[in-house]
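Treat the numbers as computed from the prediction; the structure is a model and nothing was measured. All residue numbers in this chain count up from 1 along the given sequence.
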Amino acid sequence: MAAELTTHELIAKHRPTLDQALEAIRTRAYWSPHPEHPKAYGENGSLDAAAGKAAFDALLGNRLDLGQPGTDDWVGGEVSPYGIELGVTYPHADIDALLPAMKAGQPAWRDAGPEMRAVVCVEILKRISDRTHEFAHAVMHASGQAFMMAFQAGGPHAQDRGLEAVAYAYAEQIRTPGTAEWTKPQGKRDPLALTKQFTPVPRGLALVIGCNTFPTWNGYPGLFASLATGNAVLVKPHPRAVLPLALTVQVARDVLAEAGFDPNLVALAAERPGEGIAKTLAVRPEIRIIDYTGSTSFGDWLEANARQAQVYTEKAGVNTVIVHSTDDYKGMLSNLAFSLSLYSGQMCTTPQNLLIPRDGIRTEQGAKTFDEVTADIARAVDGLLGDDARANALLGAIVNPDVKARLEAAAGLGEVALASREITNPEFPDAVVRTPVLVKLDGAKPDDEAAYMSECFGPVSFAVAVDSVTDAVELLRRTVREKGAMTVGAYTTDSEVEQAVEEVCLEEAAQLSLNLTGGVYVNQTAAFSDFHGSGGNPAANAALCDGAFVANRFRVVEVRREV
C-alpha cells in the first residue's frame, strides 16, 4: 500500500503532543491529552456515545479479519461477565508463518528512527482515542468493569499509559546522539579522526501477554514501549478478554500500513479454548521481549523459563494499609470504603490488609477501639453501596468463577465484620455482582497469618489486629519483602510513625500513599506522574513507566569510519 501518512504530516501533527508528554514525565505534573468525560467525544472524527455503542454492537457475532498472514483457523468464545456471548471470532495464527512475516518489517521500522516511530505510535493512540466509546464497551464486556470505569481506565487512562511509554522510549533512544565526530590528538603526528554513527536497534520480536481485568491499561505500556523502540509486537490476549486488544491491533495495523510500514509489525495471537499458547510462544527463540500481567505463578514461570527474552512482569502482592491515627476520621472511612469497593476489589492495587492496633487509634473524634474502627469501615462500605444503582456503577461484575469462590471462602477465615451481599443488575440479570467482605483476623495467631499473608484477589479484605504500631510497621516490612505490594497506605498524625512507614517503603521499594481522605485513592495512579509498581519487590519486576521499562528493549549499535 502506498503511504497515505507522510513523515512530514505525522511529525507536524504529533510532535507537539510528544513534546508535551516529554515535559510531563520531566515535571511529573498533571497532564493528559485524552478527555475523561464521555461528552468530550463526538467531534473531529471521534465517536460519540451512540455511535460508539453502535460500532460495538456491529462487532458482535462477526469475524474480525485483521488480514494477517498464516491464518489457519477462526477462534472465539468470549462470554462477558455481564452474561453476554460476544460471538466475535479472530484469526488463529500458524506461528511458524506469522513470526517470519512480522520480522520482515523490522529493518525498515528500525531505519525510520525514534522520532518517526514515536509519531506513528501517537497516531495509533489518537485513532484509538477517537473510538473511546466503542473501546469502553469492549473493555466493559471483557473485564466486568462498570461502564464508566471501563470508559476511563480502559480508554483515556490506558491511552495515557501508552503515550507515557512512547515518551520514555523516545527519551532513552535519543540519549545517545545519532552521529559524532571523534578526533584524538597524536602530538606531532596527524590526529586520529573517526566519524561514528549510533543506531538504536530492536531486540527482536516482543510478546504482550494480556490480562483479563485491565486488557488495555496493562497491555498498552509494553505494546507501545516495544513498538516505539523498533520491535515488532505480537499481542496474545487473555482468552476471556480478546476484543479490546484485537481492536487495538487492527488500528495499529491500519496506521502502520498508511504510514508506509509493514502492518505485520503488530499482530494478534488468539487461541483455541484450552490451547495455552502463552507458554509455547514465551520460549520461542524469536521472542526477545515479554510483557506480562497476571498471576504470580505464571509470572515466576516466565522469569525462570523464558531465558532468551527480557521479561517484564506485573504479578501480585499483598497490599497493606496501616491505620494508626487520623484527624479526618470520616474522610478516612470514606476513602477506604471506595478503595475496597471499586471494581469489586479486582485491581492489583486494591488494599487487602488493614493493620489496626488492637488497643485502637486516635482520631479528632476521640479514641476508637479496634472493633469500632472495623465496624465503622464496614458501615462506610455499606453506606457507599447501599443504593443498588450506585453499587452496580462502582462494583461492576465479578470477572471469573475463581474470584467468586475466593469471596465465598473468605467468610470462613475469621469473624466477619462485613458480609458480602448479592446485587442484581437490572440491565444484565446474568451478571455476578457482590459487595466486599471484611474479615477480622488476629495478627498474633499463626492460623490467621496464613490468610492475611496470602493474596486473596477480589472483594476480600482483612482487618488485622496488631499489638502496636511498631508491630504494624514490621509486619508491613515482612509482607512487602516476602509477598510484594503494588501499593501501601498509611494513616497517621504522628511524624515518627510516618517516617518509620516511609523508611520501610524506601527500603523495600513500595509505592506509598499517606493520609488520603479526599478524591485520590491508594489503588489509582496517574500516568506521567505516578509510578505503577516499583520493580523493586516481588509484586512486579518493572514499573509503569520509567526509563528501565524501555531502555533494555533496544541496544545501540555503533558504526565507525575513518575520516
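Remark: E43 CD is loosely packed, at most 12 non-hydrogen atoms of other residues, nucleotides or ligands lying under 6.0 Å away. Within a 6.0 Å sphere centred on CD of Q499, heavy atoms belonging to other residues, nucleotides or ligands number 12 at most.
Residues K483 and E455 are not paired through a salt bridge, judged by the lack of any N-O separation under 4.0 Å between the basic side chain and the carboxylate. A salt bridge does not link E507 with R481: none of the charged nitrogens is closer than 4.0 Å to a carboxylate oxygen. In summary, E123 and R127 engage in a salt bridge, as defined by a charged side-chain N under 4.0 Å from a carboxylate O.
Legend: salt bridge (Lys or Arg N to Asp or Glu O under 4.0 Å) pairs involving residues 545-557, not counting sequence neighbours, sorted by first then second residue: D291-R553.
Judged by distance alone, the side chain of S534 and the main-chain N or O of G536 form a donor-acceptor pair under 3.5 Å. For T216 (side chain) and G154 (main-chain N/O), a donor-acceptor pair under 3.5 Å exists by modelled atom type. With D130 contributing its side chain and L47 its backbone, the two residues share no donor-acceptor pair below 3.5 Å.
In this structure, the side chains of P200 and P114 come closer than 4.5 Å at one or more pairs of heavy atoms. Side-chain contact between S339 and T349 is absent, with no heavy-atom pair separated by less than 4.5 Å. The side-chain heavy atoms of W182 and T195, taken from C-beta on, include no pair separated by under 4.5 Å.
Interatomic distance, CZ of R117 versus CG of N231, reported as 8.5 Å (0.5 Å rounding). Separation of atoms OG (S529) and CG (D160) is listed at 11.5 Å; rounding is to 0.5 Å.
The aromatic rings of Y343 and F214 sit perpendicular, their planes meeting at an angle over 60°, well past the 30° parallel limit.
Between the side chains of E314 and H532, at least one donor-acceptor pair of N or O atoms lies under 3.5 Å. For the residue pair T320 and R477, no side-chain donor N or O sits within less than 3.5 Å of a side-chain acceptor on the partner.
Scanning for ring pair (Phe, Tyr, Trp, His ring centres under 6.0 Å) contacts around F261 gives W109, with sequence neighbours left out. Taking Y491 as the reference, nothing meets the ring pair (Phe, Tyr, Trp, His ring centres under 6.0 Å) condition, with sequence neighbours excluded.
The side chain to side chain contact (heavy atoms under 4.5 Å, CB included) with D328 is formed by just one residue from the set N515, T517, L333, T363; it is T517.
Taking the centre of each ring, F147 and H137 come in below the 6.0 Å mark. Taking the centre of each ring, Y168 and F549 stay at or above the 6.0 Å mark. Aromatic pair H133/F56: ring centres not closer than 6.0 Å.
R28 forms a cation-pi arrangement with F531, by the criterion of a distance under 6.0 Å to the ring centre and an angle within 45° of the ring axis.
The two atoms that bring V318 and A485 nearest to each other are O-CB, 3.8 Å, heavy atoms only.
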Apply the test salt bridge (Lys or Arg N to Asp or Glu O under 4.0 Å) to residues E134 and K53: give CA-CA distance (whole Å), side-chain angles for both, the deciding distance (0.1 Å), then the verdict. CA-CA 6 Å; E134 177 188 359; K53 179 64 163 61; over 6 Å; no
